[in-house]
Engineer: 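Shown below is the structure under consideration.
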Amino acid sequence: MHVSRSGFYSWRSGEQSVLQKERSRLIPKVKAVQGQTRGSYGACSVSEGLRAAGESCGRTKAATLMKLVGVEAKQKKKYRVTTNSKQNLPVAPNLLKRNFVVSEQDCAYCGDIMYI
């Protein structure tokens with residue numbers, strides 16, 4: 001192992017670094033900000049929320065904290081138009097005229113194609 005002696009004893013003593021202490025202090029606040037907004041905030045909005053709470057936090061620090069916690073912003077789905085009703089195509093004539101009772105087999109077929 002390529003670890004210095006002082007680094008090993010520092011690790012063994014179990015003391016957290018300043019960065020680890022700050023992260024452990026800010027992580028619950030990031031979760032609280034995301035919980036209030038139902039997960040819709042991204043890194044910029046989370047950093048603004050933390051600054052409003054009196055914490056010094058930039059966008060990259062907020063993104064790092066969100067990644068450590070495993071929190072992501074919910075993406076809005078793009079609205080997609082699925083119907084084009086402005087068309088001049090011919091409409092098939094209604095031959096049955098809602099008379100679904102037929103006298104012999106295989107003379108009329110009905111179906112619903114709304115899923116297309």
Side-chain angles (χ1 to χ4, degrees):
M1 295 193 326
H2 301 284
V3 178
S4 67
R5 183 177 292 173
S6 62
F8 170 74
Y9 285 115
S10 174
W11 171 79
R12 195 174 79 170
S13 68
E15 294 179 23
Q16 288 184 336
S17 68
V18 175
L19 181 63
Q20 289 173 336
K21 288 178 184 177
E22 184 178 10
R23 284 182 178 172
S24 63
R25 183 178 57 83
L26 289 176
I27 283 175
K29 294 183 181 187
V30 169
K31 287 181 182 179
V33 169
Q34 277 293 88
Q36 291 171 353
T37 62
R38 294 177 292 170
S40 63
Y41 273 7
C44 292
S45 301
V46 168
S47 67
E48 289 175 12
L50 289 174
R51 274 188 251 135
E55 296 294 335
S56 172
C57 184
R59 182 181 54 87
T60 54
K61 185 189 280 187
T64 303
L65 291 170
M66 288 174 66
K67 196 177 288 186
L68 287 173
V69 175
V71 174
E72 293 179 345
K74 291 181 183 175
Q75 299 292 322
K76 289 184 180 178
K77 291 186 179 178
K78 182 180 177 184
Y79 176 73
R80 184 172 236 173
V81 178
T82 58
T83 305
N84 180 12
S85 55
K86 296 178 183 176
Q87 56 192 349
N88 294 326
L89 297 175
V91 177
N94 184 3
L95 300 176
L96 287 180
K97 296 187 175 81
R98 299 194 59 81
N99 183 14
F100 299 115
V101 180
V102 291
S103 59
E104 58 187 64
Q105 290 183 345
D106 294 334
C107 68
Y109 293 99
C110 295
D112 184 16
I113 58 167
M114 290 301 294
Y115 65 92
I116 297 176

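Only a predicted model underlies this, so the values are computations on that prediction, with no experimental measurement involved.
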Engineer: Between Y9 and V3, is there a shared hydrophobic cluster once you connect ILVMFWY residues whose side-chain heavy atoms come closer than 4.5 Å?
Structural biologist: yes
Engineer: At their closest point, which heavy atom of G58 faces which heavy atom of S47, and how far apart are they?
Structural biologist: O-CB, 3.5 Å
Engineer: Would you say the side-chain atoms of S10 pair up with the backbone N or O of S6, donor to acceptor, closer than 3.5 Å?
Structural biologist: no
Engineer: For atom CZ of R25, decide whether the heavy atoms of other residues, nucleotides or ligands shown that lie under 6.0 angstrom number more than 12.
Structural biologist: yes
Engineer: Rounded to the nearest 0.5 Å, what separation is found between the SG atom of C57 and the CD atom of E48?
Structural biologist: 11.0 Å
Engineer: Set out, in order, the CA-CA distance, both residues' side-chain angles and the distance that settles side-chain contact (heavy atoms from CB on, under 4.5 Å) for K29 and V33, then state yes or no.
Structural biologist: CA-CA 6 Å; K29 294 183 181 187; V33 169; 5.6 Å; no
Engineer: Under the side-chain hydrogen bond (donor to acceptor under 3.5 Å, both in side chains) definition, can you give me all pairs with a residue in residues 59-80, not counting sequence neighbours?
Structural biologist: E22-K61
Engineer: To check you understand the geometry: which heavy-atom pair defines the closest contact between S4 and G7, and what is its length?
Structural biologist: OG-N, 3.1 Å
Engineer: Should the heavy atoms of other residues, nucleotides or ligands under 6.0 Å from CD of Q87 be counted, would the total exceed 12?
Structural biologist: yes
Engineer: Rounded to the nearest 0.5 Å, what separation is found between the CD atom of Q20 and the CZ atom of R23?
Structural biologist: 8.0 Å
Engineer: A62 and A43: which non-hydrogen atoms are nearest, and at how many Å?
Structural biologist: CB-O, 3.5 Å
